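Written out below as structure tokens is the structure these notes cover.
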Amino acid sequence: MSENKTNTNETENNVVENTTAETQNQNIEVVDSGDYIAFSNPEKDKHKSNKFVAAKADGGASNFYDWVKSIVFALVIVIFCLNFFFRLVDVKGTSMVETLQNGDKLIVTNFNYTPKPNDIIVISHGKEYAEPIVKRVIATAGQTLKLDYENDRILVDGVVIDEPYLDVSTFCNVEADYEIPEVIPDGMIFVMGDNRGVSMDSRDSRIGLISVDNVIGKAQFVVYPFSDFKYLY
């Protein structure tokens, strides 16, 4: 009886010793998650399987979604550009013939733009004329301007300007119906159409001098009709 009890105690001691030894031999790794301390056993964790499988959309629905996303993205880019960089404008009338024709479509830029002499610009409205107009800048703020009707020429800062775009005379016998300042005031510009005989421009009191705040932008390209595509330098 005494021998059996002794054997039993020895067996229990062996179990305790073995368990302690195994615990000491385990590779225990401390992982700091930042919020709490967690204990992990790499030998045990490597047998874990990934129970979560990521699903990926496939088929016609996925292709349709990608197509719609691309279209929406393209529209956003176009709208952004139309509001901040350029606009598409239709020419109405013949005041800019031969440079521009009635029905031409123009690309107009307005980002960080300041009008300069000889630029073709689009204007939101004149002094009393409420419709948008397309004209050429003749003189800007601070420049002296003289319309020399007698010699059929225009002088800006005392120099006769060269106008190779004209297919008609400088004024076509159309004179200003109000007194134009000798020096263009700050924030204003003087504009004229290339078809001087029919153009309602800064010679007409209904248009008058144009505020730069009313300039929509500079006409850069004729894009339609395609056969007349050109850069308006």
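For the numbers below, each heavy atom of this structure counts, side chains included, while hydrogens, waters and symmetry mates do not. Predicted model, so just to flag it, every value in this text is computed and none were measured.
Using a cutoff of 4.0 Å between basic side-chain nitrogens and carboxylate oxygens, D119 and K218 are scored as salt-bridged. With salt bridges taken as basic N to acidic carboxylate O contacts below 4.0 Å, none links D148 and K146.
Counting side-chain heavy-atom gaps under 4.5 Å among Ile, Leu, Val, Met, Phe, Trp and Tyr, V198 is found in no cluster with other residues. Cluster partners of M200, using a side-chain heavy-atom cutoff of under 4.5 Å among ILVMFWY residues and allowing indirect links, are Y113, I121, I123, Y129, I133, V137, I189, V191, I207, I210, V212, V215.
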Which donor-acceptor pairs under 3.5 Å do the side chains of residues 222-232 make with protein atoms, sequence neighbours left out?
unit_1	atom_1	unit_2	atom_2	d
K230	NZ	T99	O	2.7

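In this structure D167 satisfies the salt bridge (charged side-chain N to carboxylate O under 4.0 Å, His left out) test with no other residue, sequence neighbours excluded. Residues passing the side chain to side chain contact (heavy atoms under 4.5 Å, CB included) test with D66 are S62, K69, sequence neighbours excluded.
Distance CG/D194 to NZ/K135: 9.0 Å, rounded to 0.5 Å. For the atom pair CZ (F86) and OG1 (T109), the distance works out to 10.0 Å, reported to the nearest 0.5 Å. A distance of 9.0 Å separates CD1 in I138 from OG in S202, rounded to the nearest 0.5 Å. Rounding to the nearest 0.5 angstrom, the gap separating the CG atom in D152 from the CZ atom in R196 is 9.5 Å.
Screening D104, V97, V122 against V91 for a side-chain contact (heavy atoms from CB on, under 4.5 Å) leaves a single residue, D104.
The side-chain heavy atoms of F190 and Q143, taken from C-beta on, include no pair separated by under 4.5 Å.
For residues 171-190, the pairs satisfying side-chain hydrogen bond (donor to acceptor under 3.5 Å, both in side chains) are D177-S205, with sequence neighbours left out.
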